[in-house]
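Down below is the structure, laid out as C-alpha cells.
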Amino acid sequence: MKRATRQRLFLLLVVAALLALAAWQLRRDAQTDPGTLLALDPAGISHITLSLRDSSPMHYEKRDGHWWRIDGTPARAIDGRLNELAGTAAAHVLSWRPASDFDPAKIGLAPPQAVLELDGHALEFGESSVTGPQHYVRVGQRVALVSTRYMPRSPALQTTELH
C-alpha cells in the first residue's frame with residue numbers, strides 16, 4: 001500500500017471512531033436528561049388553579065385565547081403572566097428524587113409554599129434549595145429541583161369584566 005492510501009485509511013478510521021463516540025454521548029445524554037415537570041404542552045393548558053400559602057385559591061380559565069379569573073365575577077387576567085404559569089409545565093428539571101428521600105417539613109412542603117394546578121396536575125412548591133437558586137417541587141411521588149424563576153407568584157388582574 002502506498003503511504004498516502006494508509007494515511008487516508010487511518011484518517012477515515014479516526015473520523016468514524018469520533019462519530020461513533022459522539023453518537024454514544026448524545027444517546028447517553030438523552031437517557032439521563034431529567035426532562036420537564038409535566039408532559040403537557042403549555043399552549044394546550046386551559047385551566048389553572050394557584051394556591052399561595054395563607055390565601056384563597058385563584059381559578060383561571062382560558063377562553064378564546066385569553067385568560068380569565070373565574071372566581072366570582074369573571075375578570076380578565078394578564079395573559080402573559082398566566083402563560084408563564086402554564087409554561088411551568090415545561091420547566092426544565094435539574095434533578096428528580098423520590099419524595100420518600102425527603103422530610104416534607106424540611107423542604108417547605110408541609111404545607112407547600114404554593115400549589116399550581118395545570119389542567120388538574122398538581123405542582124407543590126417548597127423552599128429554595130441551599131445549593132443554589134432552585135426550588136423543590138413535588139410532583140406525585142417525586143421531588144424535582146427547578147430554577148427559582150418558576151416559583152409561582154400572584155398574577156395581576158386586568159380591569160375588564162366579562163358580561
Side-chain angles (χ1 to χ4, degrees), residues 22-102 104 106-163:
W24 174 80
Q25 184 66 45
L26 286 172
R27 195 175 90 201
R28 184 172 172 261
D29 290 348
Q31 290 173 342
T32 59
D33 182 22
T36 60
L37 282 175
L38 296 173
L40 295 177
D41 176 9
I45 292 172
S46 60
H47 290 87
I48 295 176
T49 299
L50 177 60
S51 302
L52 301 173
R53 188 180 275 178
D54 300 327
S55 67
S56 298
M58 296 168 270
H59 301 277
Y60 301 91
E61 183 176 279
K62 196 172 197 178
R63 299 177 184 167
D64 298 321
H66 296 288
W67 285 101
W68 294 84
R69 182 157 180 191
I70 56 174
D71 302 318
T73 302
R76 273 286 302 277
I78 296 176
D79 291 331
R81 182 64 194 113
L82 270 295
N83 287 333
E84 285 178 18
L85 286 174
T88 303
H92 178 73
V93 172
L94 302 169
S95 67
W96 284 105
R97 291 194 31 209
S100 59
D101 285 359
F102 297 95
K106 289 185 178 180
I107 60 171
L109 290 171
Q113 304 283 318
V115 178
L116 177 63
E117 289 184 35
L118 304 171
D119 283 347
H121 299 273
L123 304 173
E124 298 175 310
F125 287 78
E127 295 288 340
S128 61
S129 166
V130 296
T131 59
Q134 305 151 3
H135 275 268
Y136 294 100
V137 183
R138 182 170 40 208
V139 183
Q141 298 301 312
R142 300 188 303 168
V143 172
L145 271 177
V146 299
S147 170
T148 294
R149 73 184 181 114
Y150 294 106
M151 180 68 180
R153 61 191 194 300
S154 181
L157 294 177
Q158 293 178 353
T159 58
T160 307
E161 290 187 358
L162 181 64
H163 295 286

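Note that the structure is a prediction, hence the values are computed from the model and not measured. In what follows, every heavy atom counts, from backbone to side chain, and hydrogens, waters and symmetry copies are set aside.
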What are the two closest non-hydrogen atoms of [X] and [Y], and how far apart are they?
X: Pro112; Y: Val115; result: CG-CG2, 3.9 Å
X: Val137; Y: Val146; result: CG2-CG2, 3.6 Å
X: Ala77; Y: Leu82; result: CB-CD2, 3.6 Å
X: Ile45; Y: Ala86; result: CD1-O, 3.5 Å
X: His59; Y: Pro57; result: NE2-CB, 3.9 Å

Tell me, with the steps shown, if Asn83 and Lys62 meet side chain to side chain contact (heavy atoms under 4.5 Å, CB included).
CA-CA 10 Å; Asn83 287 333; Lys62 196 172 197 178; 4.0 Å; yes
Please confirm whether the backbone N or O of [Y] pairs with a side-chain atom of [X], one donor and one acceptor, at under 3.5 Å?
X: Trp67; Y: Tyr60; result: no
X: Arg81; Y: Arg153; result: yes
X: Arg53; Y: Pro111; result: yes
X: Arg138; Y: Leu109; result: yes

Passing option when His135 is tested against Ser147, Ser128, Pro152 for side chain to side chain contact (heavy atoms under 4.5 Å, CB included)
Ser128
Do [X] and [Y] come close enough that some side-chain heavy atom pair is under 4.5 Å?
X: Asp119; Y: Ser46; result: yes
X: Ile48; Y: Leu118; result: yes
X: Leu85; Y: Leu116; result: yes

Let me confirm one number: the [atom1]-[atom2] distance from [X] to [Y], rounded to the nearest 0.5 Å.
X: Leu38; Y: Thr36; atom1: CG; atom2: OG1; answer: 7.0 Å
X: Tyr136; Y: Lys106; atom1: OH; atom2: NZ; answer: 11.5 Å
X: Thr88; Y: His121; atom1: OG1; atom2: NE2; answer: 14.0 Å
X: Glu117; Y: Ser51; atom1: CD; atom2: OG; answer: 6.5 Å
X: Phe125; Y: Thr148; atom1: CZ; atom2: OG1; answer: 10.5 Å
X: Asp54; Y: Gln113; atom1: CG; atom2: CD; answer: 9.5 Å

Let's go through Asp71 and Met58 carefully: what are the C-alpha distance in whole Å and the side-chain angles of both, what is the deciding distance for side chain to side chain contact (heavy atoms under 4.5 Å, CB included) to 0.1 Å, and is it a yes or a no?
CA-CA 7 Å; Asp71 302 318; Met58 296 168 270; 4.1 Å; yes
By side chain to side chain donor-acceptor pair (under 3.5 Å), Thr131 pairs with (sequence neighbours left out) Ser129, Gln134
Apply side chain to side chain contact (heavy atoms under 4.5 Å, CB included) to Arg63 and Ile70, showing your working.
CA-CA 11 Å; Arg63 299 177 184 167; Ile70 56 174; 3.3 Å; yes
Under the side chain to side chain contact (heavy atoms under 4.5 Å, CB included) criterion, do Tyr150 and Leu123 qualify, and how do the steps go?
CA-CA 11 Å; Tyr150 294 106; Leu123 304 173; over 6 Å; no
